[in-house]
Every structure is written in C-alpha cells, then in structure tokens.
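Here is the structure we will look at, set down as structure tokens.
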Amino acid sequence: MRLSRYFLPVQKENPAEAEIVSHRLMLRAGMIRQASAGIYSWLPLGYKVLRKIEAIVHDEQQKAGAIPVLMPTIQSADLWRQSGRYDDYGAEMLRITDRGDREMLYGPTNEEQITEIAGAGIRSYRDLPRILYHIQWKFRDEVRPRFGVMRGREFLMKDAYSFDLDKDGARHSYNRMFVSYLRTFERMGLKAVPMRADSGPIGGDMTHEFLILAETGESAVFLDRDLADLSLGERVIDWEDGPALQEVVDRYTASYARTDETHEEAVFEAEIPEERRLTARGIEVGHIFYFGTKYSRPLNATVNTPDGEVVPFESGSYGIGVSRLAGAIIEASHDDRGIIWPEAVAPFEVAVINLRQGDAEADGACDDLYAKLIARGLDVLYDDRDERAGAKFATIDLIGIPWKLVVGPRGLKEGVVELVNRRTGETENLSPDDAMNRLAATYGRA
RNA sequence: CGGAGCGUGGCGCAGCCUGGUAGCGCACCUGUUUUGGGUACAGGGGGUCGCAGGUUCGAAUCCUGCCGCUCCGACCA
C-alpha cells in the first residue's frame, strides 16, 4: 500500500477524552473513530489489526477442534425467557421490538441460541463431543463504557460452546479450550496468565480468566511469579489426548493466580514464598467456564445415551474479547513514540521510508523495493508522501510497524538501505536484496 | 447507578464572569523555502458556537428545558 493513497487519519495531538494509552494511540494512529459512547468504527488500520487477531483466534480454535458457525446478533426474547435470563440480565441487555411488536434483543452472548441449535442437531451420544464457536459482534449496554475498545458497549467476541455427554467429556473440552487459549495469546506476543475466576452471573464451577499483565489493567492480580514465565513454545499438542492436555492445564494451574475478585491474602502468603509473590495489574482477555446443564436442561437440549436414556448436554462456554485484544496488545506493547505491534498482528509487516521523495534515485529504489517486497508476499506500507524524513518516521513509529526499510540518497551511494527494528531500534545497513531476504525470513516467506 | 465536569471548523483550546455578531495552535490548500528524526515565511479555505425555547434592539456569552460526551467510584469479554 502506498501511504499517499491510503486512508490513515493520524493526529499529532492527544484527544482530550482518551485517558489510557491504548485508547489515545488508537485514536492518534487513525485506527478507530468513536461513533457514540462505547461504539466505534474501525478505520482501515484498525480493521487490519482486528482481522489479524481474528484470524489467529479462528486458526487456533479450529486446531483445537472447534467448528466455526455464525449466529445472528439479533435474538428472540422467547429463547431467553426459557433459560430465565431475560429478566436476570437487566439493563445491560439492549431490548428491541420489531414492527410486529415482537420482543427481540441484541445478543450480549449466545448460550441460549447455540443450545437450541445443538439441541436440534445433536440427537445421539455418537454425535458428541462437539465444540461450536463463532466470532460475532455483541452488545452490552454497560453502565459506564470507557477506555476505548477495551470496554465498549459493542464489541467483537469469540464465543465457543462445548457439548458433551458427561462431566469427564466436558473436562476434556474445557481443557482443549484452556490450552488453545494459551497458544492463541502466545501467538499474539502476549503473556496471558490463567487465573481462578468467580463463577459470576452465568454460573458454573470450573472456570478461569486469562489476563495479560499490563500497568493499566482494570483488575489487580496476585500470582506466583513462576506462572508468568511459563511458555508452551513449540510444544506439539495432541488435542485428542485427554491426559496430556490435563497435564498442561495442571502445570498452569499448579500455583496461586487470582484476581482481586477471588484473592485471599492469607492463602497467597501461605502458599507462595515472598520473593515469588507478584502483585500486578491485568487485563482480562479471555474467560472460560463449565456450566453443566444450566442451559441444556431448561431449553430441553438432550441426547440419547448408549443405554437409551435421554440426558441434557454437559456444556461450557469460552470467550475471547477480540476487539478488546487490539487495545490490550497496545497496553502491553508501546513506547513514548507510539505502538509497537508484535509481528503476528501488525497491520503492515514492513514500512518503506523514502527519505527524499522526488529524488529520482531514491524514488526509483523505493519503487523497486516496494514491488519486490509485494512479490515476495510481504504486506508493505510505502511512505511515499511528500513529507520530510522526520514526519515519516514519526508517523510510521506511531502506527507501530515492526520493521522499517529506510531509503535515502546517502545510503544508496554506498549501495545500502537501513533495516530498523521498531522495538529495539537496532539498525543494520544492508544491500536491498539482503534486507529483503532478512524480512522474508523473519516472516517465514520464501 | 452515585459523584464531578465538558459540548465553539478534523484535533487541542481561548472567548462566556462584564451580551455588540468568533479567535489561536495543529491539520488542510497555494506559493516560496527547506530536505536523513514532526523546516521556515507569506497568503488562503473551512464553524447554524450540541439542540429547543426564553430574556433583549442585539445571545457563543444571561435564563429554562432537553440531548450528547468524558472522568472518578460500585459492575463486566
């Protein structure tokens, strides 16, 4: 993409309403624009990031055995009356009536809907287990939306739902999602720690929240420092191997990790030696829980067992705040110049900066680099604006592109361009070919 | 939902107290200049001052009502 033809409304000054860094940077970098309280349009740059996050979530969900579907945003009130949640949910649920005065609602979540679908489509124990998920916009009429997309009223969420015959099966499904979440967040360059959660209004007893550690997090967290250092790395997961999954889950839940909701100082101090006690702040980016037959029973979603009995499903639900992640990643990865995208979610993989726009040699070299990078499958943003070098650096650093290829007449005389890493600032003078090879290798392209 | 505050060009703000028909910086356009980390100068375009009533010869400014938004606390992916 040539920046001169892109839509990137960046701002030099901080918007007054944005209090936390991710909100400020998302507005300044032209990623989002507020439509009304807690509701945002995603501009091209923000939308690219959102799609990349979404793609990783899709990929990891499916690797773990979950099957994608897409349910509507608008649901019928009747379904929610059956589960008893129509009244329980309160003012947070956006209620709508259609022209026939039928009561509808904009879905804040989809347990009822998916249970109805699974109940209708699954009749036999032979059809179990199944995990269905979708990534869809949700609406919760929060009392106090804030922090930009971190706590909007409209937000994009991945929600998965598992269906099993019995509790052992449900645990396997739960563990699949647990490990899948570890992989998902790790791939995005995040350090997410599973913490014991409160079962909350949806209920259930097997439940964890995944929090990434960041100073601006909304929750206080208390954990064994060692847990924050765990990593799956390149470990190969056999998703069908229940005991192997359980072993991973056990390792991540072996020690103390709780949010302020469930924190017990005395237990913390008794279980964890002082030097390993880590008190920090965290942003919740995922939440999983097992809730048994809470929905299948009232909605009459049942299967036949091998013995010919009819029983309700054992279920759990598993959420990831997809739009929130865009903000959360920025909270975890930025500096005073702007965003620092992890390579996996960066809106562009590399920026070409022409230091001397209009100089025939520089223009020619940049055009050539730009074409070749595209040919090698890299997503490149070419800053070809008629701006001074400083303005280009400031823009590219603000929007957080992980790598810069800096091209100017001086370097070209020596036959080199500069390859600059956004995070470390490390600069290498390389021939254009070497620089391209380096980038292709970094991103795993030919 | 309790508390505080704010609505004036795309963004950040001044003007309001003491009514006289809107201004500054950034951004944008034109020209000159400059050219390796947000150049300088000159000129220029863009605003029903959140909305509706009211007071007044006259309202961004005073009064009333409404709407929108933000921040702090109790709640949530």
Side-chain angles (χ1 to χ4, degrees), chain A residues 9-20 23-24 27-28 30 33-39 43 53 57 89-93 107-110 135-160 181 192 197-198 200-202 207-212 218-219 259-261 282-289 317-328 337-338 353-359 362 383 385-398 404 406-413 417-418 420 425 427 429:
Chain A
V10 297
Q11 282 168 211
K12 229 174 187 174
E13 292 179 71
N14 276 324
E17 76 273 14
E19 223 21 58
I20 65 165
H23 191 195
R24 276 204 299 271
L27 290 168
R28 283 193 54 207
R33 182 169 173 81
Q34 183 167 352
S36 55
I39 302 179
L43 307 186
I53 293 171
V57 173
Y89 225 93
E92 264 194 23
M93 186 152 69
T109 177
N110 290 70
I135 297 180
Q136 178 62 291
W137 292 92
K138 304 289 189 288
F139 194 92
R140 293 184 193 172
D141 201 356
E142 292 268 349
V143 236
R144 193 178 161 213
R146 62 187 128 170
F147 304 146
V149 301
M150 299 271 286
R151 195 181 172 91
R153 292 195 293 171
E154 186 182 58
F155 58 96
L156 189 61
M157 181 166 108
K158 186 286 297 183
D159 38 324
Y181 278 30
D198 227 1
I202 303 184
T207 174
H208 288 90
E209 292 177 343
F210 289 73
L211 286 98
I212 65 172
E218 280 196 87
S219 330
T259 67
D260 40 15
E261 284 183 340
I283 301 167
E284 184 183 347
V285 290
H287 194 167
I288 61 179
F289 36 86
S317 73
Y318 314 90
I320 290 181
V322 174
S323 49
R324 171 180 284 186
L325 271 169
R337 284 177 299 160
I353 292 188
N354 187 345
L355 291 173
R356 194 74 86 80
Q357 208 70 43
D359 175 276
D383 192 346
R385 294 173 304 166
D386 188 17
E387 288 283 351
R388 311 193 83 215
K392 294 188 179 188
F393 283 121
T395 298
I396 298 301
D397 287 346
L398 171 66
K404 290 188 283 281
V406 182
V407 181
R410 282 184 210 166
L412 290 173
K413 264 197 199 76
V417 297
E418 288 172 30
V420 186
T427 301
N429 288 310

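Quick caveat, the model's predicted, so the values are computed rather than measured. By convention in this document, chain letters (A, B, ...) are assigned in the order of the sequence lines, proteins followed by strands, and residues within each chain are numbered from 1.
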Nearest-angstrom distance, [atom1] atom, [N] to [M]:
{"N": "G47(B)", "M": "U21(B)", "atom1": "C1'", "result": "14 Å"}
{"N": "C11(B)", "M": "G46(B)", "atom1": "C1'", "result": "14 Å"}
{"N": "U8(B)", "M": "C62(B)", "atom1": "P", "result": "16 Å"}
{"N": "A22(B)", "M": "C6(B)", "atom1": "P", "result": "25 Å"}
{"N": "G15(B)", "M": "G50(B)", "atom1": "P", "result": "15 Å"}
{"N": "G23(B)", "M": "G9(B)", "atom1": "P", "result": "14 Å"}

Taking only residues two or more places apart in sequence, or in another chain, which ones meet [X] in a salt bridge (Lys or Arg N to Asp or Glu O under 4.0 Å)?
{"X": "R24(A)", "answer": "none"}
{"X": "D359(A)", "answer": "none"}
{"X": "R337(A)", "answer": "D335(A), D397(A)"}

Can you name the atoms? Protein N/O to nucleotides 4-10 of chain B N/O, anything below 3.5 Å, with the distance.
none

Is there a side-chain contact between [X] and [Y] in this structure, where contact means two heavy atoms from C-beta onward sitting under 4.5 Å apart?
{"X": "R153(A)", "Y": "S36(A)", "answer": "yes"}
{"X": "D159(A)", "Y": "K138(A)", "answer": "yes"}
{"X": "V285(A)", "Y": "Y181(A)", "answer": "no"}
{"X": "Q357(A)", "Y": "D383(A)", "answer": "no"}
{"X": "I39(A)", "Y": "F139(A)", "answer": "yes"}
{"X": "T259(A)", "Y": "E284(A)", "answer": "no"}

Would you indicate which nucleotide in [options] comes nearest to any side-chain atom of [X]?
{"X": "K12(A)", "options": "G37(B), C76(B), A27(B)", "answer": "A27(B)"}
{"X": "E142(A)", "options": "G12(B), A77(B), G38(B)", "answer": "A77(B)"}
{"X": "E284(A)", "options": "C1(B), A77(B), C11(B)", "answer": "A77(B)"}
{"X": "A16(A)", "options": "C13(B), G38(B), C69(B)", "answer": "C13(B)"}

Can you tabulate the close N/O pairs, meaning under 3.5 Å, that link protein atoms to atoms of nucleotides 28-35 of chain B?
residue: U34(B); atom: O2'; partner: R388(A); partner atom: NH2; Å: 3.4
residue: U35(B); atom: O4'; partner: R388(A); partner atom: NH2; Å: 3.3
residue: U35(B); atom: O2'; partner: R356(A); partner atom: NE; Å: 2.6

Between the base of G12(B) and the side chain of N14(A), is there a donor and acceptor pair under 3.5 angstrom? no
Below 3.5 Å, does any donor atom in the side chain of R151(A) face an acceptor in the base of C75(B), or the other way round? yes
Which whole-number value in Å describes the distance from [X] [atom1] to [N] [atom2]?
{"X": "Q34(A)", "N": "C69(B)", "atom1": "CD", "atom2": "P", "value": "7 Å"}
{"X": "D383(A)", "N": "G36(B)", "atom1": "CG", "atom2": "C1'", "value": "14 Å"}
{"X": "R324(A)", "N": "A77(B)", "atom1": "CZ", "atom2": "P", "value": "8 Å"}
{"X": "R28(A)", "N": "C26(B)", "atom1": "CZ", "atom2": "P", "value": "16 Å"}
{"X": "H287(A)", "N": "C75(B)", "atom1": "NE2", "atom2": "C1'", "value": "14 Å"}
{"X": "K138(A)", "N": "A77(B)", "atom1": "NZ", "atom2": "P", "value": "12 Å"}
{"X": "D260(A)", "N": "G73(B)", "atom1": "CG", "atom2": "P", "value": "13 Å"}
{"X": "R385(A)", "N": "U39(B)", "atom1": "CZ", "atom2": "P", "value": "11 Å"}

N or O in side chain of R144(A) less than 4.0 angstrom from C72(B) OP1/OP2: yes
Counting just side-chain N and O atoms, does R140(A) come under 4.0 Å of either OP1 or OP2 of C76(B)? no
Base, sugar-phosphate alone, or nothing: which one does [X] contact when heavy atoms must sit under 4.0 Å apart?
{"X": "G286(A)", "value": "sugar-phosphate"}
{"X": "P409(A)", "value": "base"}
{"X": "G408(A)", "value": "base"}
{"X": "E154(A)", "value": "nothing"}
{"X": "G327(A)", "value": "nothing"}
{"X": "R337(A)", "value": "base"}
{"X": "V285(A)", "value": "sugar-phosphate"}

Any residue meeting side chain to side chain donor-acceptor pair (under 3.5 Å) with E209(A), in chain and number order, not counting sequence neighbours: none
Please name the nucleotide paired to [N] by Watson-Crick or G-U wobble geometry with both distances under 3.5 Å, or report none.
{"N": "G47(B)", "answer": "none"}
{"N": "C24(B)", "answer": "G12(B)"}
{"N": "A40(B)", "answer": "U32(B)"}
{"N": "U61(B)", "answer": "none"}
{"N": "G5(B)", "answer": "C69(B)"}

Partners passing side-chain contact (heavy atoms from CB on, under 4.5 Å) against P15(A) (at least two apart in sequence or in another chain): Q11(A), E17(A), L27(A), R28(A)
side-chain contact (heavy atoms from CB on, under 4.5 Å) partners for R151(A), two or more places apart: E142(A), R146(A), E218(A)
Going by the rule ring pair (Phe, Tyr, Trp, His ring centres under 6.0 Å), which residues pair with F393(A) if we only count those two or more places apart in sequence or in a different chain? none
Within the stacking criterion (centroid distance below 5.5 Å, interplanar angle below 30°), does F155(A) stack on A77(B)? yes
